[in-house]
Amino acid sequence: MKIALTGKSLVAGLDLAPGGAAFKGVNPADNNALEPAYTAIVAEDVDKIAERAAAAFAEYRMKSGTERGAFLRAIAANIEAAGDDIAERMPAETGLPEGRARGETGRTVGQLRMFAALVEDGSWVDARIDTAQPDRQPLPKPDVRSMLQPLGPVVVFCASNFPLAFSVAGGDTASALAAGCPVIVKAHHAHPGTAEIVGQCVQAAVESCGMPAGTFSLVYGGGREIGTALVKDPRVKAVGFTGSRAGGTALMKVAAARPEPIPVYAEMSSINPVLILPEKLATEGEAIAKALAGSVTMGMGQFCTNPGLILLPAGAAADRFATVLKESLAASPNGCLLNSGITDAYRDALKARSTLKADGFEILHEQPGEACQVGTALYRATATAFLANPVLAEEAFGPSTLLITYTNEDELLSVINAQEGQLTGTIHGTDQDLKSNCRAGYALHERVGRLLFGGFPTGVEVCHAMVHGGPFPSTSDGRSTSVGTMAINRFTRAMCYQNAPQMCLPEELKDGNPLGIVRLVDGNRTKA
Ligand code: NAP
């Protein structure tokens, strides 16, 4: 398939205003602008787009799980067919290699098919039925039935660092569409062409599957104005966001200040502590250090799960670990980051560390690079220096990490307890290490959404049990996940029917279980 890029928002059937400012994607490897220019919509267009999404909701929410599943599968097939277009455009806009573009395409279509299977099965709605007991004393028990229902139109902000899997048809969009919610996507300014390719794939599936036109819109708009207007619109009922802490918290405030506040599911900053316990460090430290370098530099460190803080007991084994990690990072080639904003932010973060004058803090290795190319960095601090210098706890988004050495359990606990909420925490320990460090393990447990025993947090498995979320500020709502099938719950509300006639009930709650789904009937999980 060869997709022709139009440079326009995808809002089939709507007449938009002549348009706001135009901008182009930029190749971060050479700073050259890429055709075509993209026209931003203007704030008054948001009203029309939201109105159309709200109108589509009334129809789209009534589509069966089979119909929604077919729609998600059609999107996946279209994206797969556009694989070559994506593999050409995405590297040009992001500096990510073609292999990553093809791998992320596979992940994205896999996610769409996972949600298709979920809604085709149908049991995800958590249907509950408590049958009536008219003769119960002292009061009769009513017939009470409940299930999860779609919330309404959802606004999704594309992530800079996942142009496919957390963007136009990424996990937020797939889970919202699966739930029965129309989606309005706000493209990221740094990969407008990739967004349009995928947007055209979704739009084609809307048409071929007979979904209402407002089920999906893709809009371009920079300068915060359009994103803010979308979140403020009263017809929008939830927001999915991946990006900076500043952006996520700004949008949370906008959503909370609405006359009807709405949830913002924002995935923001995380430094993903890794704890390497004494026996493990002594016996396998060098191997762990080499593998850690691979995780720190994966995707040039631009993953939300990048391990940015490594905790080690001070001593000769920690020194060896530091040397091996330093050599491995120094051997890693320089490369370009996703865009000039992220490059500048990375260099600023390195500068904040390299200009830090503090006892117990040292720069082990630093390659800020030149122009578009940046390199790796490694710093080391004592627990005392870390606790005294808050700058060391900030996310440095890129291929760098910080070693912290502790001398006793109190120091270790102080460092862990000083962490803000994180997406992940990782423990490397022998059985004996784990037994001797229960308090540290529990402290880490309380601060993260996913606890790993061994391995590294990068490379998130997309599966039913995955939790890619965590306490604030790693996400805005630590009860949720943006990866895995539980992500669908974010875009639903619980709805209860009391003494409803059969004809007024959704199929999922009718007597005889016409859809054959798993339900909780009078406290028993059953397909009957
Ligand atoms: P960003 O600046 O937060 O932008 C993400 C999206 O939100 C963009 O579409 C942006 O619009 C929009 N936006 C941001 N602030 C907004 C506001 N106040 N009001 C309305 N819309 C707003 O994130 P980014 O460009 O992806 O990366 C910037 C930094 O975020 C990185 O350097 C890194 O530190 C961090 N980051 C962290 C993660 C993570 O998972 N931990 C992932 C990505 C980025 P525009 O397109 O118009 O800018």
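First listed ligand is number 1; within each ligand, the first listed atom is number 1. What you see below is based on every heavy atom in this structure, not just the backbone, and it leaves out hydrogens, waters and symmetry mates. We number each residue from 1, following the sequence as shown.
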Which residue and heavy atom of the protein sit nearest [atom], plus the separation:
atom	value
atom 34 (O) of ligand 1	F397 CB, 3.5 Å
atom 37 (C) of ligand 1	G243 O, 3.4 Å
atom 12 (C) of ligand 1	F157 CD2, 4.0 Å
atom 8 (C) of ligand 1	H188 CD2, 3.7 Å
atom 22 (C) of ligand 1	R224 CD, 3.5 Å

For [atom], which of [options] has the closest heavy atom?
atom	options	answer
atom 2 (O) of ligand 1	S244, P192, A266, G398	S244
atom 11 (O) of ligand 1	K186, H191, H189, K253	K186
atom 24 (P) of ligand 1	S160, G227, A345	S160

Mind checking whether [X] has an N or O less than 3.5 Å away from an N or O of ligand 1?
X	answer
S269	no
T242	no
S270	no

Atom indices of ligand 1 within 4.0 angstrom of [X] heavy atoms, with elements:
X	value
M268	39 (C), 40 (O), 41 (N)
T228	19 (N), 20 (C)
N161	42 (C), 43 (C)
E267	40 (O)
L251	19 (N), 20 (C)

Proximity of A250 to ligand 1 by residue part, where a heavy atom lies under 4.0 Å: side chain
F491 vs Y265 aromatic rings, parallel, tilted or perpendicular, using cut-offs 30° and 60°?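 It falls in the perpendicular class, over 60°.
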Would you call L164 and R107 a side-chain contact if the rule is heavy atoms closer than 4.5 Å?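 No; the side chains remain at least 4.5 Å from each other.
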Any F241 heavy atom less than 4.0 Å from ligand 1: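 For ligand 1, residue contact (heavy atoms, under 4.0 Å) with F241 is present.
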Would you check if the distance from the ring center of H191 to the ring center of Y38 is below 6.0 Å? no
Evaluate the side-chain contact (heavy atoms from CB on, under 4.5 Å) criterion for residues V183 and V185: first the C-alpha distance (whole Å), next the side-chain angles of each, then the deciding distance (0.1 Å), finally the verdict. CA-CA 6 Å; V183 172; V185 176; 3.6 Å; yes
